[in-house]
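Take a look at the structure below.
Start at 1 and go down the list; that is how both ligands and their atoms are numbered.
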Amino acid sequence: MRAVDLERAQRILERLPPRWGGWLYRRARRHPGVARHLDDRYAQLLAGLAGDLKPPGEPPVTARLPETGLDQAEVLARIAAARSPEEEHVLRGYASGAVYHGDPTHVDFLNQAYGLQSQSNPLHADLWPSTVRFEAEIVRMTAGMLNGAEAVGTVTSGGTESILLAMKAYRDQARAERGIKRPEMVIPTTAHAAFLKAAEYFQIKPRLIPVDHTFRADPAAAAAAITRNTIVVAGSAPSFAHGTIDPITELAEIARHRRAGMHVDACLGGFLLPWVERLGYEVPPFDFRVPGVTSMSADTHKYGYAAKGTSVVLYRDAELRRHQYFTAADWPGGLYASPTLAGSRPGGLSTACWAAMMSMGEAGYLDAASRIMGAAGAIRTGIAALPGLRVLGDPLWVISFTSDEIDIYRVNEEMTRRGWSLNGLQHPPAVHLAVTLRHAEPGVVGRFLDDLAAAVEAARRAGDDPERGTPLYGMATSFPIRAAIDDVLERYLDLLYDLPRAGE
Ligand SMILES: Cc1ncc(COP(=O)(O)O)c(C=O)c1O
């Protein structure tokens with residue numbers, strides 16, 4: 001097929017209803033000529049990103065083991081050199097979310113706690129009962145904080161694993177107790193992508209319900225979407241994209257009425273909302289106080305201020321937790337039982353998580369919440385006052401904004417030029433900043449708002465200059481064939497592991 005035909009084909013694809021377009025796209029892609037053309041296109045699109053993904057200073061590629069091991073001091077020096085520009089960037093508050101505490105004294109303390117138990121593995125409960133105990137206490141403390149004194153749970157590797165496991169537990173329980181063979185989950189369009197991952201991994205059909213103009217899930221749509229195959233309804237407290245809390249009470253009531261479970265994704269808010277509420281901010285009911293809530297996820301590695309790699313999944317009912325577990329009674333390797341996705345688990349991370357919670361205490365979490373909310377309030381007010389920008393919904397500390405006048409992705413691009421790493425959003429196009437303790441440090445809010453004002457002006461001046469465009473998000477918002485965007489994203493993942501080969 002000649003290139004000119006392909007251009008025409010693309011125009012036709014763009015005009016078709018997305019579902020047909022997707023089908024045609026997938027068929028056309030099997031043709032080697034089309035595949036080559038698409039590969040070139042996607043490589044061009046990703047060319048800019050490939051540069052950004054290289055570590056600064058471009059150290060030489062290590063492609064094989066050193067013949068003899070390097071001196072440990074040399075290895076540490078290399079790591080330190082690679083890390084220092086990244087660290088500086090995050091510590092000075094240039095990133096959205098990502099590092100939630102970051103104070104060097106706190107981080108050193110976590111590292112010490114990790115170091116004390118870096119060899120431990122809770123899979124071997126007989127060898128390391130201490131880390132098993134730490135995990136049980138993390139679960140108990142988190143459940144208590146979320147008003148689930150009787151709730152049970154497990155420690156997992158992160159928010160995604162907590163959500164995956166909860167969805168698996170609902171699926172297996174529904175199959176065992178209600179004979180449901182074609183399980184469905186009712187989730188708002190704004191629910192975290194981890195729910196879609198769970199749907200794909202565990203063959204659960206996602207039924208997406210819309211959100212209203214304040215970005216809260218529509219309970220009437222949830223009621224309409226529930227079928228007798230619904231195993232769970234989910235809501236966020238708050239959502240990743242817009243930082244708004246879904247109407248948990250209403251959703252949970254609808255779920256309870258239809259004998260479905262209700263999962264509250266408090267990955268982002270579980271360790272902040274209880275304290276924000278105690279500070280007197282208006283927080284709608286979101287935790288185990290709501291009768292129909294049957295499970296929750298809360299990330300210790302976000303606003304719990306632990307090291308990266310831990311989260312908590314909680315269940316109101318111990319029976320449901322059992323459906324999360326995996327056991328193998330006949331395995332020649334012995335009697336095997338594992339509570340989460342991983343086999344061996346990093347006991348050091350659980351120890352550091354326990355250490356974070358114990359050292360912060362209620363007073364520490366309350367103080368952190370107060371500082372974050374102070375910074376978030378100033379940022380929200382500052383953004384709302386900038387001509388051309390509009391804050392979405394009624395957020396607490398994840399502030400998303402858009403523009404009715406300028407391309408918001410260009411504003412994001414201009415912020416990137418100024419050193420910021422904000423999150424691009426879509427449907428509608430927007431950008432957000434998840435405020436952390438890094439932004440509560442002196443001078444950060446002012447620097448953010450000054451840079452944002454300059455970025456808006458620069459984006460206005462740039463107008464339609466294609467040189468200063470945002471190719472990836474541009475394509476994602478304008479090109480209706482989602483399978484094509486998925487292809488680009490897969491190539492992006494390839495890029496992360498593709499190192500230049502000798503001679504390239
Ligand atoms: C609301 C929400 N849920 C789930 C997750 C997934 O968490 P993780 O990236 O730790 O897997 C996130 C991450 O930002 C989130 O904001």
Side-chain angles (χ1 to χ4, degrees), residues 90 95-101 138 142 146 153-168 185 187-201 206 208 211 215-217 232-246 248 251 262-274 276 283-284 286-287 293 295-314 340-342 345-346 349-350 352-353 356 372 376 392-393 395-400 421-426 430-436 438 493:
V90 173
S96 168
V99 167
Y100 294 81
H101 194 300
I138 291 167
T142 309
L146 296 171
T154 62
V155 173
T156 73
S157 64
T160 299
E161 190 184 349
S162 290
I163 290 167
L164 288 176
L165 288 172
M167 297 305 109
K168 177 205 158 335
M185 56 166 91
I187 56 171
T189 51
T190 49
H192 193 271
F195 287 94
L196 300 177
K197 197 176 199 177
E200 194 171 302
Y201 281 15
L208 297 178
V211 292
F215 296 92
R216 288 156 38 94
V232 61
V233 177
S236 311
S239 67
F240 168 80
H242 312 106
T244 43
I245 302 173
D246 284 320
I248 301 299
L251 292 175
M262 171 74 206
H263 182 84
V264 176
D265 175 11
C267 285
L268 206 50
F271 277 80
L272 205 39
L273 284 176
V276 170
V283 175
F286 71 98
D287 60 16
V293 169
S295 63
M296 294 188 73
S297 43
D299 286 359
T300 36
H301 71 185
K302 295 193 172 81
Y303 294 98
Y305 312 121
K308 272 291 169 276
T310 60
S311 164
V312 177
V313 59
L314 295 170
T340 61
L341 287 181
R345 283 181 294 123
L349 286 182
S350 295
C353 173
I372 287 171
L392 296 179
L396 287 165
W397 70 89
V398 179
I399 320 292
S400 63
S421 303
L422 307 182
N423 292 96
L425 313 171
Q426 50 177 350
V431 171
H432 87 198
L433 176 75
V435 178
T436 70
R438 291 293 90 212
L493 294 178

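Under 4.0 angstrom from ligand 1, the non-hydrogen atoms of Asp265 all belong to its side chain. Residue-level proximity to ligand 1 for Pro238 is carried by the backbone, the only part with a heavy atom below 4.0 angstrom.
Thr156 and Thr340 share no side-chain donor-acceptor pair at under 3.5 Å. Between Ser295 and His263, the side chains place a donor N or O and an acceptor N or O closer than 3.5 Å (distance only, hydrogens not considered).
In terms of modelled atom types and a separation under 3.5 Å, the side chain of Lys197 and the main chain of Glu161 share no donor-acceptor contact.
Checked against ring-ring contact (aromatic ring centres under 6.0 Å, His included), Tyr305 has the following partners two or more places apart in sequence or in another chain: His101, Tyr365.
Of all protein heavy atoms, the one lying nearest to atom 15 (C) of ligand 1 is His192 CD2, 3.5 Å. Considering only non-hydrogen protein atoms, atom 9 (O) of ligand 1 sits nearest to Lys302 NZ, 4.0 Å.
Of all atoms in ligand 1, listed by their number and element, those nearer than 4.0 Å to a heavy atom of Ile163 are 4 (C). Listed by atom number, the atoms of ligand 1 under 4.0 Å from Asp299 heavy atoms are 7 (O), 10 (O). Atom numbering of ligand 1 starts at 1 in the shown order; those under 4.0 Å from a heavy atom of Phe240 are 1 (C), 14 (O), 16 (O). Under a 4.0 Å criterion applied to the non-hydrogen atoms of Cys267, ligand 1 contributes the atoms 2 (C), 3 (N), 4 (C). Less than 4.0 angstrom separates some heavy atom of Thr160 from each of these atoms of ligand 1: 6 (C), 7 (O), 8 (P), 11 (O).
Counting only heavy atoms from C-beta outward, the side chains of Pro238 and Leu396 never approach each other to under 4.5 Å. Side chains of Leu349 and His301 form no contact here, defined as non-hydrogen atoms less than 4.5 Å apart. Proximity of Leu341 to Leu165: side-chain heavy atoms (C-beta onward) are separated by under 4.5 Å at one or more points.
Once rounded to the nearest 0.5 Å, the distance linking CG of Asp265 with CZ of Phe240 reads 11.5 Å.
Where the criterion is an N or O separation shorter than 3.5 Å, residue side chain and backbone included, Gly159 meets it with respect to ligand 1. The shortest N or O to N or O distance between His301 and ligand 1 is under 3.5 Å.
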